[in-house]
Amino acid sequence: MASPLLRVEGLYKTYGEGASRVEVLRGVDLAVAEGERLGILGVSGVGKSTLLHVLGALDVPDTGTIWFGDERLTGTPDRELASFRNRSVGFVFQFHHLLPEFTALENVMMPLLIGGESRKAAALRAGGLLEEVGLGHRVTHKPGELSGGEQQRVAIARALVRAPRLLLADEPTGNLDIETADRVHELLVQLNERRNLTMIIVTHNPALAERMTRCVRMVAGRIDEELG
């Protein structure tokens, strides 16, 4: 493996207290190379989504260390973690979470506008990304006027609009039919290869797992098996 973009050691995460205490992550060690497409597999409830949230600094581990390049994330103040997320990580989830009252273009522009970019510059970049994901002809359509696959493409464009180095996706095609999911799978592979974009994707979909450059299996809160 090339020098890792992301490296984690000894991650533990627990929720609740007393009788309701649940240990979700139980000593996760993982290294992910720049440009890699890593699939995380495992049955429901083994900690896959929690791990993704911790890797993307949406949540913090109880113990353990996370490195992003030369930057140590664990122990970093919340404000700095928020800055890290905004500049370095894009998120795609099973449900697209698009804002229904805004067009596809406006939804993709939103992270840039929140970051203080001008509407003109934001529209130019967002329009280019929608073109890249095959939706250049749908920029003025609102989410309710788009198919499920198109909505997920908008969500992917929104995740990439600030040019992150890492894309984290949690069951990104879990809500799509087989044919639509396959088109989204192909898009993810193309984006990875064109942009050298590092991807970590949680999935139950064997077709998507086959398109990863490497897969690992989680069992009971740990990385249990390297699948190639």
Side-chain angles (χ1 to χ4, degrees), residues 1-2 4-15 22-59 61-62 64-68 89-97 148-149 152-153 155-156 159-160 164-193 195-228:
M1 180 188 291
L5 174 68
L6 185 69
R7 176 167 52 90
V8 302
E9 297 175 352
L11 291 189
Y12 284 81
K13 182 67 181 179
T14 301
Y15 294 105
V22 178
E23 196 172 45
V24 182
L25 300 181
R26 304 171 59 203
V28 173
D29 298 316
L30 183 65
V32 184
E34 184 132 28
E36 186 172 14
R37 296 192 304 272
L38 176 71
I40 300 180
L41 313 181
V43 299
S44 297
V46 297
K48 303 185 303 296
S49 295
T50 296
L51 176 60
L52 215 62
H53 290 175
V54 169
L55 295 179
L58 289 172
D59 203 349
D62 298 331
T65 307
I66 305 172
W67 291 89
F68 188 86
V89 186
F91 297 91
V92 178
F93 301 100
Q94 179 174 350
F95 300 99
H96 49 75
H97 300 299
Q152 196 62 305
R153 284 171 179 262
I156 291 169
L160 298 181
R165 295 174 68 189
L166 175 66
L167 180 71
L168 301 177
D170 195 351
E171 296 287 0
T173 59
N175 202 37
L176 303 176
D177 63 73
I178 293 174
E179 184 177 345
T180 304
D182 190 61
R183 289 197 291 268
V184 174
H185 298 167
E186 181 60 29
L187 172 63
L188 291 169
V189 171
Q190 290 173 359
L191 289 168
N192 162 260
E193 293 177 346
R195 294 167 167 261
N196 196 37
L197 176 66
T198 306
M199 295 181 174
I200 303 176
I201 300 179
V202 166
T203 184
H204 285 104
N205 189 312
L208 180 54
E210 286 178 5
R211 292 176 180 255
M212 299 296 99
T213 53
R214 180 168 65 107
C215 289
V216 297
R217 188 181 306 282
M218 282 193 75
V219 176
R222 295 187 178 91
I223 301 295
D224 181 70
E225 185 180 2
E226 182 96 15
L227 302 176

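- Side chains of Arg183 and Gln152 form no contact here, defined as non-hydrogen atoms less than 4.5 Å apart.
- With values rounded to the nearest 0.5 angstrom, Leu188 atom CG is found 9.0 Å from Arg153 atom CZ.
- Scanning all heavy atoms of the two residues, the minimum distance from His185 to Asn205 falls at CE1-ND2, 3.7 Å.
- Here CG of Asp170 is found 5.5 Å from CG of Leu52. Values are rounded to the nearest 0.5 Å.
- None of Ile200, Thr198, Ile201 except one satisfies the side-chain contact (heavy atoms from CB on, under 4.5 Å) rule with Leu38; the exception is Ile200.
- Ile156 places a side-chain heavy atom less than 4.5 Å from the side chain of Val184.
- Inter-residue side-chain proximity for Val216 and Met218 is flagged as unmet; no heavy-atom pair is nearer than 4.5 Å.
- Ser49 has its side chain out of reach of Glu171: every pair of non-hydrogen atoms, C-beta onward, lies at least 4.5 Å apart.
- Rounded to the nearest 0.5 Å, atoms CG (Leu166) and CE (Met199) are 10.0 Å apart.
- Ring geometry, Phe93 versus His97: the interplanar angle exceeds 60°, so the pair is classed perpendicular (tilted spans 30 to 60°).
- Between Arg222 and Val28, the closest heavy-atom pair is CA-CG2, 4.3 Å.
- The two residues Asp29 and Glu9 make their nearest non-hydrogen contact at OD1-CA, 3.2 Å.
- Between the CE atom of Met212 and the CG atom of Asn192 there is a distance of 7.5 Å, given to the nearest 0.5 Å.
- The closest side-chain heavy-atom distance from Leu55 to Val32 is not below 4.5 Å.
- No side-chain heavy atom of Lys13 sits less than 4.5 Å from a side-chain heavy atom of Leu11.
- Of the possible polar contacts, none joining the His204 side chain to the Leu41 backbone as a donor-acceptor pair under 3.5 Å is found.
- One N or O on the side chain of Asp62 and one on the backbone of Thr14 form a donor-acceptor pair closer than 3.5 Å.
- In this structure, Val92 and Pro172 approach most closely via the heavy-atom pair CG1-CB, 4.1 Å.
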Start with the C-alpha gap between Val219 and Val43, add the side-chain angles, then the distance that decides, and say whether side chain to side chain contact (heavy atoms under 4.5 Å, CB included) holds. CA-CA 8 Å; Val219 176; Val43 299; over 6 Å; no
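- At distances below 3.5 Å, not a single donor-acceptor pair connects side-chain atoms of Glu36 with backbone N or O atoms of Thr213.
- Taken to the nearest 0.5 Å, the OG1 atom of Thr173 stands 10.5 Å off from the CD1 atom of Ile178.
- Leu5 is listed as a side-chain neighbour of Phe68, based on a closest heavy-atom distance under 4.5 Å.
- Look at Arg211 and Asp182 and you find a salt bridge, because one of the NZ, NE, NH1 or NH2 atoms lies within 4.0 Å of a carboxylate O, short of that distance.
- Asn196 approaches Glu34 most closely through the heavy-atom pair ND2-CG, 3.8 Å.
- Here the CG atom belonging to Leu6 is positioned 7.0 Å from the CG atom belonging to Leu30, to the nearest 0.5 angstrom.
- The closest side-chain heavy-atom distance from Asp224 to Val46 is not below 4.5 Å.
- The two atoms that bring Cys215 and Ala209 nearest to each other are SG-O, 3.5 Å, heavy atoms only.
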